[in-house]
A.B. asks: 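First the structure, then my questions, so here it is.
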Amino acid sequence: MNMATATTEVFTVLPTVDDHHHDRRRYPHGVAFMDGQYLPMSEAKVSVLDWGFLHSDATYDTVHVWNGRFFRLDLHLDRFLRGVEQLRMKLAVSRAEIEAILNNCVALSGHSSAYVEMICTRGTSPTFSRDPRQAENRFIAFAVPFASVANKEQLERGLHVVVSETVRIPPKSVDPTIKNYHWLDLVKGLFDAYDAGAETALILNVEGHIAEGPGFNVFAISGGSLKTPGFGVLPGITRRTVFDLCAELGLPVSATDVGRDELASAEEVFITSTAGGIMPVTRIDGNPVGAGQIGSTTRRLVELYWQKHDDPAWSTPVHYSR
Ligand code: PLP
């Protein structure tokens, strides 16, 4: 199918999101693209026979739009396309077509700040074969309102986090550098956090060091230097952005082992995600981080991070009308 034609044709037939007001509580206001069409979120559904649903056989990426601009879209596309290739999937759309589709999902949704996801699932096989090579891979994209790991209050006072005993699925089982939906360990961590009266969790790598949390990486600051786990984690784009910001600010930063004790004794801690950016942590396992307040280095990084969202070197505009 010629995607360029499909994208223009469907512009004229898309039901307006107003037609779907009744679904607002169950579905966020947004627009999805699947099987060659743009749809309201309430209509974007996958088959229960899709390997993505049955076996978590999928990869995805999430980029955000802030004030009408994509943030570091190229890096997200690089990571997504690498994942697709490593999982031996094939996309029916090119990189340029994906970019156009993501743009159109945001433009049709009308959001100026959005959470934009691109997904490739193994799909289904026309003969229901158990051989993954026979499945027809499926590309899906959608744009919904901007989402954050931390809410406004948590961003203002810092998140309360626990270190769960849960171990992240080993990299030799599932490669964490390919963004994936293997979240049972992360969800278990979340329940451990709720049981302890905290808001989110960090889980461990197979060596017992800190790994990452449900949808985020973590940084600890001690003696003016920053450290983030180097092994067994998704190389987050926000994490990478922190490296770039540190280079600009002349702050030393390294990706290496981060022990539980080191995290507990850090002066400042923050987590990073496309869903929320750089987010301060002020309590770990019930104890204050440093003085229990958001630290000055974290504040500087948060400010510079959001400033970069208008900078053409770091962001690209959404084209809302054609
Ligand atoms: N780690 C995991 C497991 C994630 O799912 C995510 C994002 O969803 C991250 C880290 C943060 O990555 P990014 O900064 O690219 O959003």
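Numbering of ligands and ligand atoms starts at 1, following listing order. Just so it is clear, the values below take in all heavy atoms, side chains as well, and ignore hydrogens, waters and symmetry mates.
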A.B. asks: Indicate the ring-plane relationship of Phe219 and Phe243, choosing parallel, tilted or perpendicular according to the 30° and 60° boundaries.
C.D. replies: perpendicular

A.B. asks: At a non-hydrogen distance cut-off of under 4.0 Å, which region of Tyr181 contacts ligand 1 (side chain, backbone, both, or neither)?
C.D. replies: neither

A.B. asks: Lys179 heavy atoms, cut-off 4.0 Å: which ligand 1 atoms fall inside?
C.D. replies: 4 (C), 5 (O), 6 (C), 7 (C), 8 (O)

A.B. asks: Only heavy atoms count here, so choose which of Gly215, Gly276, Pro235 is nearest to atom 9 (C) of ligand 1.
C.D. replies: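 Selected option, by shortest heavy-atom distance: Gly215.
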
A.B. asks: Give me the residue, atom name and distance of the protein heavy atom closest to atom 12 (O) of ligand 1.
C.D. replies: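 Ranking protein heavy atoms by distance from atom 12 (O) of ligand 1, first comes Gly236 CA, 3.4 Å.
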
A.B. asks: Going by the angle between their ring planes, with limits at 30° and 60°, are Trp306 and His64 parallel, tilted or perpendicular?
C.D. replies: parallel

A.B. asks: I need the atoms of ligand 1 closer than 4.0 Å to a non-hydrogen atom of Arg79, numbered in the order shown.
C.D. replies: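 Near Arg79, meaning under 4.0 Å from one of its heavy atoms, ligand 1 has 15 (O).
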
A.B. asks: Would one find an N or O of Thr272, backbone or side chain, under 3.5 Å from an N or O of ligand 1?
C.D. replies: no

A.B. asks: Taking Ser273 for the side chain and Gly276 for the main chain, is one N or O donor matched with an acceptor at less than 3.5 Å?
C.D. replies: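 Absent.
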
A.B. asks: Need the ligand 1 atom indices (1-based, order shown) with element for anything under 4.0 Å from a heavy-atom of Asn217.
C.D. replies: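 In order of numbering, the contacting atoms are 10 (C), 11 (C).
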
A.B. asks: What's the shortest distance from atom 14 (O) of ligand 1 to any protein heavy atom, and which residue and atom give it?
C.D. replies: Thr238 OG1, 2.6 Å

A.B. asks: Just by distance, with hydrogens left out, do Thr177 and Arg82 show a side-chain donor and acceptor under 3.5 Å apart?
C.D. replies: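 Per modelled atom types, Thr177 and Arg82 side chains form a pair under 3.5 Å.
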
A.B. asks: Any ion pair linking Arg260 and Glu165 (charged N to carboxylate O, less than 4.0 Å)?
C.D. replies: yes

A.B. asks: Using a 4.0 Å heavy-atom cut-off, which part of Arg168 comes near ligand 1: side chain, backbone, both, or neither?
C.D. replies: side chain

A.B. asks: May I ask you to say whether Glu212 pairs ionically with Arg239, meaning some side-chain N is under 4.0 Å from a carboxylate O?
C.D. replies: no

A.B. asks: Which atoms of ligand 1 have any heavy atom of Trp183 under 4.0 Å away?
C.D. replies: 5 (O)

A.B. asks: Is there a polar contact between ligand 1 and Arg239, counting only N or O atoms under 3.5 Å apart?
C.D. replies: no

A.B. asks: Salt-bridge test for Lys45 and Asp50: reply yes if a basic N is under 4.0 Å from a carboxylate O, no otherwise.
C.D. replies: no

A.B. asks: Using the ring of each side chain (for Trp, its six-membered ring), is Trp314 parallel, tilted or perpendicular to Phe71, with breaks at 30° and 60°?
C.D. replies: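 Answer is parallel, since the angle falls under 30°.
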
A.B. asks: I need the atoms of ligand 1 closer than 4.0 Å to a non-hydrogen atom of Thr274, numbered in the order shown.
C.D. replies: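 In order of number, 13 (P), 14 (O), 15 (O), 16 (O).
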
A.B. asks: Pull out every atom of ligand 1 sitting under 4.0 Å from any heavy atom of Ile237, numbered as shown with elements.
C.D. replies: 13 (P), 14 (O), 15 (O)

A.B. asks: Report the C-alpha distance between Arg130 and Ser125 in whole Å, list the side-chain angles of each, state the deciding distance to 0.1 Å, and finish with yes or no for side-chain contact (heavy atoms from CB on, under 4.5 Å).
C.D. replies: CA-CA 8 Å; Arg130 297 182 69 83; Ser125 133; over 6 Å; no

A.B. asks: Number the atoms of ligand 1 from 1 as they appear, then name those within less than 4.0 Å of a heavy atom of Glu212, with their elements.
C.D. replies: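 Here the atoms of ligand 1 in question are 1 (N), 2 (C), 3 (C), 10 (C).
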
A.B. asks: Which atoms of ligand 1 are found less than 4.0 Å from any heavy atom of Tyr60?
C.D. replies: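 Those atoms are 5 (O).
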
A.B. asks: For the residue pair His76 / Asp61, report whether a side-chain donor-acceptor contact shorter than 3.5 Å exists.
C.D. replies: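 Note: Asp61 and His76 side chains meet the donor-acceptor criterion.
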
